[in-house]
Structures are given as C-alpha cells and as structure tokens.
Amino acid sequence: MLQILKISSLLVSVITFSAFAASQSDFTKNIEIDSRYSAVNAIKRTSIFREDVHIVQGTLTIDAEEVEVIASNGKGQEVFVAKGSPATYRQTLDNGSVISAQANEIQYRVIDRTLTLSGQAELQQDSSKVQSDTIVFNIEKQELVAQGGNTSEDRVRTIFNPSDFPAINSEQSKELQ
C-alpha cells in the first residue's frame, strides 16, 4: 500500500506539472492583439479578429486563425476564444521552461487565468505531454483536468519522460521494491 501511495503522489506531481509557475509579471502586462482583420461591436462589448491572429501578454502568446474577445462582464473578465487548425498557446515560466498547448479551440479566461483546450487538445511542458479531447488548465492554481471524448478510442493520453521525475534516493527506491 505504501508503494502505491508513493507512486501515486509522484504521478500526481508530474501530471499537475509541479514545476509549473507561470510568470506572474505576464498578468500585469497589456494584452496586445495583431491581426489582418478586426470588427468591434461596442454595444455587445465583443470583438472579432481574423486572419493570422497573434496575441501577446508578456511571455504568453496565442496564435490562431480567428479570435473572439468577449468583454461583456467588465474589465479584467474578458474571455478570448481562439480557433485554428490548430490554435496555439505558449508561455515561458519563471523557472525558464516553456509550456505549450494546441487545440482546435483555446478559451482563455483572464479573470481566473484558465485555459480550456477543446478538440485534439495537447499540453506539453519539457518532455511531458497530455493529449485529450478536452483539457482544462488553471495557470495560477497549477491544476490540470483532461477528459476524453465519447468513443473508446478517444481517451486521455499522458506521456512522462523519466528525466522529469525528481530523483528518488536509495532509501525510497528500496521501499518501492
């Protein structure tokens, strides 16, 4: 039983990307959007950006074919819905490593710093990767939930690289055997 608990806690720490500490200074920076087309509806407080859309907030970048920004709930509560084949997300963490994600749709909620990846979703840090139909990742809380689709082939796939695991001292190694 002790072995199972130790292995489970080790897997949980890797699955939740324990070294994951997004650059907090990113969230104090302006959000800049560059595209070839934009349309704004001031009454509905929505904007549409199309054709080679590039979003930057510090080291956080999102690239997509189309992005809708919904700001109807007020400043700081914007929701960015990026669509592409795939849309991509990338951010440099405080420790210097890079996290990247891609999906057919990426929803970024500014207020709670949450990414929702839908449709052929993939989230990667260093050599560890999670692939699924849907991935919800809270950047600030460092929580990840992945959900497979409706078919038996559409499951959550997690890939770990042994070099990503923390070193296990010889005493812990003996207990696991």
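These numbers come from the heavy atoms of this one structure, side chains and all, not from hydrogens, waters or symmetry mates. This one's a predicted model, so the numbers in the text were calculated from it and none came from an experiment.
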Nearest-0.5 Å distance that lies between atom CD in Q147 and atom OG1 in T134: 7.0 Å
Co-membership, hydrophobic cluster, residues V81 and I55, 4.5 Å side-chain: no
Nearest heavy atoms of S132 and G148, plus distance in Å: OG-N, 3.5 Å
Distance-minimising heavy-atom pair for S118 and A103: O-CB, 3.6 Å
Pairwise side-chain contact, N138 with V145, heavy-atom cut-off 4.5 Å (strictly under): no
Short side-chain to backbone donor-acceptor contact, T114 and D112, under 3.5 Å: yes
Heavy-atom side-chain contact between V156 and V130 under 4.5 Å: yes
Rounded distance (nearest 0.5 Å) linking atom CD1 of I99 with atom CD of Q125: 5.0 Å
With E122 via side chain to side chain contact (heavy atoms under 4.5 Å, CB included) - residues at least two apart: Q102, Q124, K129, Q131
Check against side-chain contact (heavy atoms from CB on, under 4.5 Å), I135 and L144: CA-CA 7 Å; I135 299 171; L144 180 142; 4.1 Å; yes
Co-membership, hydrophobic cluster, residues I33 and V110, 4.5 Å side-chain: yes
Close side-chain approach of Y108 and I62, heavy atoms under 4.5 Å: yes
Atom of V56, atom of G58 and distance for their closest heavy-atom approach: CG1-O, 3.5 Å
Separation between CG of D52 and CG of D63, rounded to the nearest 0.5 Å: 7.5 Å
Any donor-acceptor N/O pair, N30 side chain to E32 backbone, under 3.5 Å: no
Atom pair CD/CD of Q120 and E105 - distance to nearest 0.5 Å: 13.0 Å
I43 versus N41, closest heavy-atom pair with distance: N-OD1, 3.1 Å
Under 3.5 Å: donor-acceptor pair, side chain of R45, backbone of A71: yes
S85 side chain reached by E65 side chain, heavy atoms, under 4.5 Å: yes
Sole residue of L115, V53, I31, I106 in side-chain contact (heavy atoms from CB on, under 4.5 Å) with F80: I31
Set of salt bridge (Lys or Arg N to Asp or Glu O under 4.0 Å) partners for R50, sequence neighbours left out: E66
Donor-acceptor contact below 3.5 Å, side chain S35 vs main chain F49: no
Stepwise side-chain contact (heavy atoms from CB on, under 4.5 Å) test for E78 and I70: CA-CA 6 Å; E78 297 86 0; I70 305 160; over 6 Å; no
Heavy-atom side-chain proximity of Q91 to T61 below 4.5 angstrom: no
From CG (L123) to CZ (F137), nearest 0.5 Å: 6.5 Å
